[in-house]
Amino acid sequence: MKTYLVTGGAGFIGSNYIHYMFRKYGDSIRILNVDALTYAGNLENLKGVEERENYTFIRADICDKEAITKIFAENDIDRVVHFAAESHVDRSIRNPEVFVQTNVMGTAVMLNCAKAAWELPDGSFKEDKKFLHVSTDEVYGSLEEDGGYFYETTPYAPRSPYSASKASSDMLVKAYMDTYHFPANITNCSNNYGPYQFPEKLIPLIINNALQGKKLPVYGDGKNVRDWLYVEDHAKAIDMVQEKGRLFETYNVGGHNEKQNIEIVKMIIETLREMLPENDERRAHITEDLITYVEDRKGHDRRYAIAPDKIRQEIGWEPETMFKEGIRRTIEWYFDHEDWMKNVTSGDYQKYYEEMYS
Ligand code: NAD
Ligand code: TYD
């Protein structure tokens with residue numbers, strides 16, 4: 001039975017990944033979820049897996065070397081899947097330091113502890129141990145509107161404090177692979193959407209605001225492009241890269257699903273109106289009149305677009321969820337989880353929202 005150490009498993013993608021893995025492997029794997037439970041981490045995301053005997057939650061900070069060393073000492077870890085990070089660009093612009101701390105220093109601790117636990121006296125590594133570092137396409141910088149795609153060979157050119165910290169963490173993983181032959185992979189994925197996403201990010205923020213009849217803030221001219229991927233397709237890609245990919249390789253993960261932000265906002269309005277029952281009074285206020293153009297993000301990257309050729313050709317992964325279907329599933333999930341939304345948007349979120357959009 002393989003033992004997985006998943007960091008950041010109480011966040012958006014991490015929790016979706018854990019659900020996916022238990023659906024796929026059932027009782028034949030064990031997962032330890034290590035998460036500090038920052039504002040973005042929520043144990044409610046793991047309802048349904050918490051009672052499993054092959055699942056353990058450990059509250060720990062990935063920067064805490066002692067705590068992480070202890071976890072490796074007490075468990076024979078076979079796979080590390082490293083999601084834990086500060087993940088929101090706007091927050092990184094307001095407060096970059098915590099991004100350096102968690103994303104760079106935290107990754108250094110994770111690498112160091114895995115290396116210490118897996119290394120043999122001759123400098124080689126125990127058999128079948130693997131570390132997967134989950135990263136972003138934002139490390140490649142910003143593309144022009146008609147300016148091609150991000151490939152694994154595209155030079156790094158991060159432009160926000162978030163992407164700079166992720167690029168630094170990727171470089172550390174690459175350094176471990178080159179220097180020590182440390183058994184790892186990196187995945188660089190495009191924007192994800194789906195259940196359990198914290199409503200500071202575009203799609204859940206727009207769904208939540210629209211349902212409440214609040215303004216829908218669109219940065220700048222609304223024509224920035226992101227390449228959206230349904231989160232479950234990302235979870236599947238991570239598992240396939242770890243099990244079928246070539247060690248030491250980077251794989252780009254994306255959906256060939258480029259959309260301007262304004263298109264996304266209009267599509268959410270349209271889909272909400274289609275999905276709400278005729279007699280639901282919220283239908284009346286969910287119109288394009290809610291759209292409000294606001295000041296642009298500082299240094300706003302114009303376009304991201306992944307070329308997922310390598311992962312398709314080498315591993316056979318392809319995105320499976322069409323955007324129209326994925327958005328409907330996502331909205332359905334938010335309809336069914338009003339309490340989740342209420343809980344995560346109380347307290348600190350209100351303060352953040354007021355400061356950010358004032
Ligand atoms: P998230 O913000 O929803 O979740 C991050 C999780 O990490 C939270 O549970 C949080 O509590 C935990 N965490 C933060 N700091 C920690 C620390 N010091 N120690 C332990 N745990 C800590 O993020 P997400 O959107 O799920 O992203 C997960 C990973 O995927 C990140 O590495 C991110 O860079 C990457 N990624 C995200 C996207 C996207 O669209 N969201 C796209 C590509 C890559
Ligand atoms: P976001 O979800 O923060 O992801 P990222 O910045 O990592 O791509 O933002 C997606 C796009 O939506 C980005 O171009 C910024 C834009 N955006 C808005 O226009 N309004 C908003 O309120 C937010 C949160 C984002």
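Values below: every heavy atom of this structure, side chains too, minus hydrogens, waters and symmetry copies. Whatever order the structure lists ligands and atoms in, that order sets their numbers, starting from 1. None of these values were measured; they are calculated from a predicted model. Along the sequence shown, residues are numbered consecutively beginning with 1.
For S135 against I186, the heavy-atom pair with the smallest separation is CB-CG2, 4.2 Å. The minimum heavy-atom distance between L143 and R302, with the atom names listed, is O-CB, 3.6 Å. Closest approach of N42 and L37 over heavy atoms only: N-CD2, 4.1 Å.
Between the side chains of Y251 and E152, no donor-acceptor pair of N or O atoms lies under 3.5 Å.
Residue pairs meeting the salt bridge (Lys or Arg N to Asp or Glu O under 4.0 Å) criterion with at least one member in residues 246-265, sequence neighbours excluded: R246-E249, R246-E314, E249-K310, E258-R303. The salt bridge (Lys or Arg N to Asp or Glu O under 4.0 Å) analysis of residues 72-88, with sequence neighbours excluded, yields the pairs K70-E74, D76-K129, D78-K129, R79-D128, R79-E243.
Linking ILVMFWY residues whenever their side-chain heavy atoms come closer than 4.5 Å, directly or via other members, places W228 and I262 in the same cluster. Under a hydrophobic-cluster definition in which Ile, Leu, Val, Met, Phe, Trp and Tyr are linked whenever side-chain heavy atoms come within less than 4.5 Å, directly or via other members, F125 and L5 are assigned to the same cluster.
Sorted by chain and number, the heavy-atom contacts of ligand 2 below 4.0 Å come from H88, V89, E138, N191, E200, K201, L202, L205, P217, V218, Y219, N224, R226, N261, R297, H300, Y304, Y357. Protein residues having at least one heavy atom under 4.0 Å from any atom of ligand 1 are G8, A10, G11, F12, I13, D35, A36, L37, T38, A40, G41, A60, D61, I62, F83, A84, A85, S87, T102, V134, S135, T136, Y162, K166, C189, S190, N191, N192, listed by chain and number.
Between H19 and Y196, the ring planes lie parallel to each other; the angle is under 30°, not in the 30° to 60° tilted range.
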